[in-house]
Undergrad: 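Take this structure first; my questions come after.
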Number of protein chains: 2
Amino acid sequence: MSSARSRILDTATRLFYAEGIHTVGVDRVIAEATVAKATFYHHFKSKEDLVLAYLTTEYERQKALLGGAPGVGVERIEAILAKLAEVSVGPGFRGCPFLNAAAEYADPDHPVRHVVDDYRSWYRDLMRDSLKASGRPNADQKADLLLLVRDGIAVAGGLGDKDAVQAGVRTALAAV
Amino acid sequence: MSSARSRILDTATRLFYAEGIHTVGVDRVIAEATVAKATFYHHFKSKEDLVLAYLTTEYERQKALLGGAPGVGVERIEAILAKLAEVSVGPGFRGCPFLNAAAEYADPDHPVRHVVDDYRSWYRDLMRDSLKASGRPNADQKADLLLLVRDGIAVAGGLGDKDAVQAGVRTALAAV
DNA sequence: CTTACAGTAGACAGATCTGTCTGGTACCGT
DNA sequence: ACGGTACCAGACAGATCTGTCTACTGTAAG
């Protein structure tokens with residue numbers, strides 16, 4: 001991974017997450033990453049290419065972060081929920097990058113939406129497998145609920161609603 | 001309400017909801033509403049003005065719709081949840097207009113975000129008051145949960161995830 | 001009748017956005 | 001030494017977006 005490419009991707013990640021995808025132009029990314037325009041288009045064939053790189057990288061990061069959470073079965077779920085609760089009321093939190101991206105890409109067949117769907121499927125499966133590993137009944141239904149509550153916590157946290165975040169965490173813990 | 005103004009607002013509502021706010025330009029609204037550009041700027045001083053009109057109108061619509069739901073107390077909550085469950089898996093549903101708008105406006109002090117906050121506060125209060133009217137304990141905490149689950153249902157429905165919607169409705173019903 | 005207003009049509013300015021292109025520099029492996 | 005590659009600086013084209021402006025039409029109230 002060349003230095004310029006990672007600088008572009010890091011800058012795009014920061015700006016896209018903090019300010020939204022459509023509101024941030026490639027010129028802005030180029031300027032803040034201090035690269036030349038030709039260098040940008042050397043590494044990414046279009047802005048959409050950069051957006052997809054941003055989201056897939058975020059997907060990999062989440063996989064590593066949550067998949068590497070301590071404990072097994074419901075303990076892992078609890079650890080993940082604790083982390084989510086902490087992060088979602090912390091500074092700089094602006095909701096889930098995937099849900100925010102989905103809100104900006106209305107077409108469900110758009111590649112961006114595929115990444116979002118992949119992430120949510122992966123999360124649901126992680127919950128279901130963890131529940132099954134601890135021998136919990138109705139793992140599928142509970143996984144659906146944990147996914148929906150995760151969505152709700154991310155939304156509420158992004159809007160600065162700490163009370164709702166807390167209510168969500170309580171409910172999720174009660175479900176497992 | 002003049003004919004041209006309502007035609008503009010109706011068109012904007014349809015397009016902003018279905019395709020997003022930043023992706024739809026005023027030229028597009030003007031063309032599909034079949035009004036002249038001068039007429040548009042006669043009724044709305046800027047695009048942002050139109051966006052705010054779109055959201056506040058949607059807010060009033062929701063107030064009328066949910067506030068006028070049949071029943072009192074928890075019965076009204078159940079009626080609202082039933083309606084939400086039905087709508088959120090129906091055709092043309094693309095999530096909550098307020099949450100989608102919030103995802104496009106990152107600045108929490110932006111007027112758009114104020115409308116979003118107002119809507120969520122109003123919804124939370126409606127839940128809390130309904131719970132209290134039926135003498136339910138812990139009305140505040142339960143209202144927080146019902147708000148968060150509503151967010152989750154709207155997100156899941158917008159992404160076409162019917163399983164999660166159902167899980168959300170079950171949980172909400174269990175909470176009341 | 002005339003004044004005021006809502007409306008139509010469309011040109012225009014100015015900004016911004018994506019993507020291409022030219023031209024030059026620096027390093028790195030063969 | 002040399003060819004390839006990554007990089008920088010910035011001009012440029014073409015599209016699009018917001019907002020203003022001119023000029024004209026129909027209509028309803030005083």
Side-chain angles (χ1 to χ4, degrees), chain A residues 1-57 100-101 103-107 109-113 115, chain B residues 1-57 100-101 103-107 109-113 115:
Chain A
M1 179 88 75
S2 74
S3 171
R5 189 192 147 90
S6 60
R7 221 157 60 230
I8 293 167
L9 195 49
D10 288 351
T11 305
T13 298
R14 177 171 55 84
L15 294 178
F16 286 163
Y17 180 68
E19 303 183 26
I21 295 172
H22 288 320
T23 55
V24 173
V26 291
D27 277 351
R28 176 95 183 283
V29 174
I30 286 164
E32 297 207 15
T34 57
V35 297
K37 204 157 195 179
T39 305
F40 174 85
Y41 281 101
H42 173 73
H43 288 292
F44 302 94
K45 75 174 209 293
S46 65
K47 179 182 178 179
E48 186 178 310
D49 199 34
L50 174 65
V51 172
L52 286 171
Y54 153 58
L55 287 175
T56 51
T57 303
N100 290 346
E104 294 202 59
Y105 289 84
D107 179 5
D109 293 327
H110 193 283
V112 160
R113 290 288 294 271
V115 182
Chain B
M1 179 86 75
S2 75
S3 170
R5 189 193 147 90
S6 60
R7 221 158 60 229
I8 293 167
L9 194 49
D10 288 350
T11 305
T13 299
R14 177 171 55 83
L15 294 178
F16 286 162
Y17 180 68
E19 304 182 26
I21 294 171
H22 288 319
T23 56
V24 173
V26 291
D27 278 350
R28 176 96 181 282
V29 175
I30 286 165
E32 297 206 15
T34 57
V35 297
K37 203 158 195 177
T39 304
F40 174 85
Y41 281 100
H42 172 74
H43 289 291
F44 302 93
K45 75 175 209 292
S46 65
K47 181 183 177 179
E48 185 177 311
D49 199 35
L50 174 65
V51 172
L52 286 172
Y54 153 58
L55 288 174
T56 51
T57 303
N100 289 347
E104 293 201 59
Y105 290 84
D107 179 5
D109 293 328
H110 193 283
V112 160
R113 290 287 294 270
V115 183

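Hydrogens, waters and symmetry mates are skipped; everything else that's a heavy atom, side chains included, is used. Owing to the predicted nature of the structure, the values given are computational and were not obtained by experimental measurement. In what follows, chains are A, B, ... by sequence order, proteins preceding strands, each numbered from 1.
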Undergrad: For the pair made of NE2 in B/H22 and P in C/dC17, what is the distance, rounded to whole Å?
TA: 12 Å
Undergrad: Can you see if the side chain of B/T39 gets near the phosphate of C/dA6 - specifically, an N or O under 4.0 Å from OP1 or OP2?
TA: no
Undergrad: What's the CG-C1' distance between B/D27 and C/dG10, to the nearest Å?
TA: 11 Å
Undergrad: Do B/V26 and B/F44 come within less than 4.5 Å of each other through their side chains, counting heavy atoms only?
TA: no
Undergrad: Pick the closest DNA chain C nucleotide for B/A33 and for A/A38 by heavy atoms, then say which residue is nearer the 5' end.
TA: B/A33
Undergrad: Expressed as a whole number of angstroms, how long is the span from A/R28:CZ to C/dC17:P?
TA: 9 Å
Undergrad: Using 0.5 Å steps for rounding, measure from the CD1 atom of A/I21 to the CD atom of A/E48.
TA: 10.5 Å
Undergrad: Remember a base hit wins even if backbone is also touched, and classify B/T23 as base, sugar-phosphate or nothing at under 4.0 Å, heavy atoms.
TA: nothing
Undergrad: Between A/K45 (NZ) and C/dT18 (C1'), how many Å, whole number?
TA: 14 Å
Undergrad: Whole angstroms only, please: what is the CZ-C1' distance between A/F40 and D/dA6?
TA: 16 Å
Undergrad: Does the side chain of B/L9 come within less than 4.5 Å of B/L50's, by heavy atoms?
TA: yes
Undergrad: What is the distance, to the nearest angstrom, from the CD1 atom on B/I30 to the C1' atom on C/dA11?
TA: 14 Å
Undergrad: Does A/H43 make a side-chain N or O approach to OP1 or OP2 of D/dC7 shorter than 4.0 Å?
TA: yes
Undergrad: Starting from C1' on D/dT18, measure out to CG on B/L50 and report it in whole angstrom.
TA: 13 Å
Undergrad: Does B/R7 make a side-chain N or O approach to OP1 or OP2 of C/dA6 shorter than 4.0 Å?
TA: no
Undergrad: Using only side-chain N and O atoms of A/H42, determine if any of them is under 4.0 Å from OP1 or OP2 of D/dC8.
TA: no
Undergrad: Quiz question: going by heavy-atom distance under 3.5 Å, is there a donor-acceptor pair between the base of C/dG19 and the side chain of A/K37?
TA: yes
Undergrad: What's the CD-P distance between B/E48 and D/dT18, to the nearest Å?
TA: 12 Å
Undergrad: Identify which nucleotide among C/dG19, D/dC8, D/dT18 has an atom closest to any side-chain atom of A/K47, counting heavy atoms from C-beta outward.
TA: C/dG19
Undergrad: Tell me the closest heavy-atom pair linking B/A4 and B/H43, and the distance in Å.
TA: CB-NE2, 4.3 Å
Undergrad: Got a donor-acceptor contact below 3.5 angstrom from the A/E104 side chain to the A/H22 backbone?
TA: yes
